[in-house]
Trainee: 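The structure follows.
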Amino acid sequence: MGNWKQLSPSALHRLDLGLAYGLTDVGTVRESNQDNFFIAPELGLVVVADGMGGHEAGEIASADAIRLLHSFLRASHGDQQSSPGDASDATVPAFHASAFDPVQADPDATWTDATMRAMITLHDAVEFANERMYQTNSANDQADGAGMGTTLTGMWQVAQDGPVFIFHIGDSRLYCFRNGRLNQLTRDQTLYQQALEAGMAEPLPARNLLLQALGPAPLIKPDLQTQAVSPGDVYMLCSDGLYGNSPPEAIAAILARVRDDNLAECCAELVAMAKRDGSRDNITAVIVRCKDA
């Protein structure tokens, strides 16, 4: 798999939120894994990325996006622990993000000042990752819309017992399983999803045509939202290789069985399900089980 390196081990991670475990698999068709995931208990951060642009470029893109995002959040919070695979210091980088529009992000004006500050930091972190990746593409003479890129989907809990902040670019997904129901918290940023919502007739665009990704373009618009956490919630972050060929009911059936002592087993079941259902892509699943009351 070239220089690909899994950023977090497939091991149980203990966060303030609860327990987390991740698993990534090259799948049955591809020769390399362009997916990656990262779990940072010290920041309450969980991220999945699915790279693109050729196997080496995709491997680099998914890892770089996660490293850049993590380093920005870590620096913003004064955390001196190193980024995944990076030994740089925790200094907030010189970077000018676009203005964050609170009216659009919080139309009902329900966010507290602390929530707004966290959202601005998260917005800036995603834009920072995109800017640095776009600069790399430009330095390699890649035209706008070309070069390496990646999806980026994750959750970040700033304060213990506080809400989680969700960020999303592309078509990886974040689900919440609560009270026996599976809810998709993110919206696929694809031409296919756009066509579905517009009520277009068949034939619809291919499912993997992204409206935006980190890296290929100078400007992006991340989807940001907050999610109140309930005891016993189960969250799953995944790449499209996991959900693309499997029905939501099959995913829900596995997540319904999640306990503190079987996260690894359930991640393995999800990957096996995707393979059995015909996935032709890399497959990544990260499960977070929140503490009971």
Side-chain angles (χ1 to χ4, degrees), residues 1 4-8 10 20-39 45-67 69 84 126 129 133 148-155 166-177 182 184-190 192-193 206-215 222-223 234-248 250-251 254-255 263 266-288:
M1 284 193 210
W4 182 86
K5 179 181 178 182
Q6 186 171 313
L7 294 181
S8 283
S10 291
Y21 185 95
L23 185 64
T24 186
D25 191 285
V26 69
T28 61
V29 174
R30 302 201 183 252
E31 295 182 356
S32 64
N33 194 347
Q34 300 179 58
D35 287 2
N36 224 314
F37 72 89
F38 182 60
I39 302 168
L45 177 69
V46 185
V47 194
V48 163
D50 177 359
M52 63 203 73
H55 79 273
E56 288 188 2
E59 293 171 10
I60 294 169
S62 56
D64 279 1
I66 291 172
R67 290 189 183 105
L69 177 94
V126 176
M133 292 177 64
M148 67 176 181
T150 185
T151 71
L152 190 71
T153 298
M155 53 196 296
I166 297 168
F167 53 96
H168 174 63
I169 293 282
D171 66 349
S172 296
R173 286 183 180 177
L174 172 60
Y175 292 91
C176 174
F177 186 82
L182 181 68
Q184 182 183 329
L185 300 182
T186 53
R187 172 185 174 272
D188 297 343
Q189 297 176 349
T190 60
Y192 177 83
Q193 183 65 32
R207 291 174 178 264
N208 63 346
L209 298 177
L210 298 182
L211 294 172
Q212 61 174 355
L214 255 71
D223 287 343
V234 175
Y235 293 91
M236 184 189 71
L237 301 90
C238 64
S239 61
D240 64 335
L242 189 137
Y243 69 77
N245 292 77
S246 300
I251 296 172
I254 295 173
L255 296 183
L263 269 69
C266 289
C267 278
E269 285 186 34
L270 287 163
V271 170
M273 170 203 71
K275 290 181 177 179
R276 184 174 61 250
D277 291 344
S279 175
R280 297 176 57 82
D281 206 345
N282 307 142
I283 305 164
T284 299
V286 180
I287 294 176
V288 180

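Values reported hereafter were calculated over all heavy atoms of this structure, with side chains retained and with hydrogens, waters and symmetry mates removed. The structure displayed is predicted, hence computed values, not measured ones.
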Trainee: When H168 is tested against each of T151, D223, T153 for side-chain hydrogen bond (donor to acceptor under 3.5 Å, both in side chains), which residue passes?
Mentor: T153

Trainee: Any non-hydrogen side-chain atom of L210 less than 4.5 Å from a side-chain atom of I169?
Mentor: no

Trainee: From E269 CD over to L23 CG, what is the distance, rounded to the nearest 0.5 angstrom?
Mentor: 12.0 Å

Trainee: Indicate the atoms forming the closest heavy-atom contact of A65 with L214, along with that distance.
Mentor: CB-CD2, 4.0 Å

Trainee: Give the minimum heavy-atom separation between A20 and V288, together with the two atoms involved.
Mentor: CB-CG2, 4.0 Å

Trainee: Using only atom types and a distance under 3.5 Å, with no angle test, would you say the side chain of T186 pairs donor to acceptor with the backbone of L174?
Mentor: yes

Trainee: Looking at P222 and V126, what are the two nearest heavy atoms and their distance?
Mentor: CB-CG1, 3.9 Å

Trainee: State, yes or no, whether a side-chain contact exists between L69 and F167 at a heavy-atom distance under 4.5 Å.
Mentor: yes

Trainee: Using side chain to side chain contact (heavy atoms under 4.5 Å, CB included) as the criterion, list what pairs up with R30, not counting sequence neighbours.
Mentor: Q34, D281, N282

Trainee: Looking only at heavy atoms, which two atoms of G22 and I39 are closest? And how far apart?
Mentor: N-CD1, 4.1 Å

Trainee: Please check if the side chain of W4 supplies one atom and the backbone of D35 the other of a donor-acceptor pair under 3.5 Å.
Mentor: yes

Trainee: What's the verdict on side-chain contact (heavy atoms from CB on, under 4.5 Å) for L185 and M155, showing C-alpha distance, side-chain angles and the deciding distance?
Mentor: CA-CA 11 Å; L185 300 182; M155 53 196 296; over 6 Å; no

Trainee: Quick one: do D240 and R207 make a salt bridge, cutoff under 4.0 Å?
Mentor: no

Trainee: Could you grab the distance from atom CG of N33 to atom OG1 of T24, nearest 0.5 Å is fine?
Mentor: 4.0 Å

Trainee: Hey, what do you get for CG (L45) to CZ (F38), rounding to the nearest 0.5 Å?
Mentor: 7.0 Å

Trainee: Report yes or no: do D50 and S239 form a side-chain donor-acceptor pair below 3.5 Å?
Mentor: no

Trainee: Please identify which of these residues, L237, D188, I251, meets the side-chain contact (heavy atoms from CB on, under 4.5 Å) condition with R173.
Mentor: D188

Trainee: So with a 6.0 Å cut-off around CZ of R187, is the heavy-atom count from everything else above 12?
Mentor: yes

Trainee: Does some side-chain heavy atom of M236 sit less than 4.5 Å from a side-chain heavy atom of I254?
Mentor: no

Trainee: Please name all residues satisfying side chain to side chain contact (heavy atoms under 4.5 Å, CB included) with S246, sequence neighbours left out, ordered by chain then number.
Mentor: M273, D277

Trainee: Can you find a side-chain donor-acceptor pair between T190 and D171 that sits under 3.5 Å?
Mentor: no

Trainee: Would you compute the distance between atom OG of S172 and atom OH of Y243 and round it to the nearest 0.5 angstrom?
Mentor: 7.0 Å

Trainee: Where do L7 and F37 come nearest, in terms of heavy atoms and distance?
Mentor: CB-O, 3.5 Å

Trainee: Does some side-chain heavy atom of M52 sit less than 4.5 Å from a side-chain heavy atom of N208?
Mentor: no

Trainee: With heavy-atom distances below 4.5 Å as the criterion, would you say the side chains of Y175 and C238 are in contact?
Mentor: yes

Trainee: Quick one: pull up OG in S10 and CG in L263 and give me the separation to the nearest 0.5 Å.
Mentor: 11.5 Å

Trainee: Taking the side chain as C-beta and beyond, is there a heavy-atom pair between D64 and M148 under 4.5 Å?
Mentor: yes

Trainee: Do you know which two heavy atoms are closest between G149 and A61, and how far apart they sit?
Mentor: O-CB, 3.2 Å

Trainee: If you round to the nearest 0.5 Å, how far is SG of C267 from CD1 of I287?
Mentor: 4.0 Å

